[in-house]
Amino acid sequence: MRYLTFFLFASAYFYCIYWIVLDARRRNTSALFVGLAFGWLGPLALIGWLALRPPIEPVIKTLDDYTDPADALETAVRLDSQGDWDASIELYRYVAERWPDQMPYAFACIREIHAKQGHAGLN
């Protein structure tokens, strides 16, 4: 039983390191630093990383660079999930203007964001 407990805790510990390193790579941050911080500080580093991690940079910087509505919508969803609602709304409006067949979906997403802003007291 002692070995099973050790194995479970060790697996959870190393999985957390693995997840932090992958998340740091997605965010263009030094994965080595983040992984070592978790190795030294344990779960405190995980909590700190979740609180202070940088946002994911969009691959496409300008609106005119989008050639596919799926890419633009994916970025808008990512911005929405990160809490950057104004940028997300701007991108949804651009998608609705450039690709009219996506207009109903884009406006539905904008309504959802406005509802979130209303619940948060920002609207």
Side-chain angles (χ1 to χ4, degrees):
M1 186 68 177
R2 189 180 326 160
Y3 293 114
L4 179 63
T5 304
F6 174 77
F7 179 73
L8 289 175
F9 278 110
S11 297
Y13 189 81
F14 286 112
Y15 178 77
C16 288
I17 293 174
Y18 172 75
W19 180 84
I20 283 180
V21 168
L22 287 181
D23 194 50
R25 284 185 183 165
R26 278 189 16 214
R27 296 170 188 279
N28 293 330
T29 305
S30 173
L32 180 64
F33 170 74
V34 175
L36 288 176
F38 186 81
W40 291 327
L41 301 174
L44 292 176
L46 178 64
I47 294 168
W49 176 252
L50 289 174
L52 302 173
R53 64 186 177 175
I56 297 174
E57 293 291 324
V59 176
I60 299 175
K61 300 289 185 187
T62 63
L63 295 177
D64 293 330
D65 291 341
Y66 289 104
T67 58
D68 183 22
D71 293 337
L73 290 171
E74 179 183 351
T75 304
V77 167
R78 182 178 295 156
L79 289 169
D80 178 19
S81 68
Q82 291 177 0
D84 194 356
W85 291 331
D86 294 331
S88 181
I89 289 172
E90 179 184 348
L91 189 51
Y92 279 127
R93 286 188 177 141
Y94 175 75
V95 168
E97 178 184 311
R98 184 163 177 194
W99 294 284
D101 58 320
Q102 299 295 327
M103 190 179 294
Y105 177 74
F107 285 143
C109 292
I110 290 171
R111 281 192 299 275
E112 283 185 24
I113 293 172
H114 285 307
K116 289 180 195 177
Q117 288 174 329
H119 290 303
L122 299 174
N123 211 4

task = Start with the C-alpha gap between V77 and Y92, add the side-chain angles, then the distance that decides, and say whether side-chain contact (heavy atoms from CB on, under 4.5 Å) holds.
result = CA-CA 9 Å; V77 167; Y92 279 127; 3.3 Å; yes
task = Output, in order, the C-alpha distance, side-chain angles, deciding distance and verdict of salt bridge (Lys or Arg N to Asp or Glu O under 4.0 Å) for R78 and E74.
result = CA-CA 6 Å; R78 182 178 295 156; E74 179 183 351; 3.6 Å; yes
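Side-chain atoms of K116 and D80, non-hydrogen and from C-beta on, do get closer than 4.5 Å to each other.
Applying the side chain to side chain donor-acceptor pair (under 3.5 Å) definition to pairs two or more places apart or across chains, those involving residues 96-107 are Y94-R98.
Nearest approach of L91 to A72, heavy atoms of both residues: CD2-O, 3.2 Å. Annotation for I113 and S88: closest pair CD1-OG, 3.4 Å, computed over non-hydrogen atoms.
Listed by chain and residue number, L79, D84 satisfy the side-chain contact (heavy atoms from CB on, under 4.5 Å) test with A87 (two or more places apart in sequence, or in another chain). The side-chain contact (heavy atoms from CB on, under 4.5 Å) check on D86 picks up Q117, with sequence neighbours excluded.
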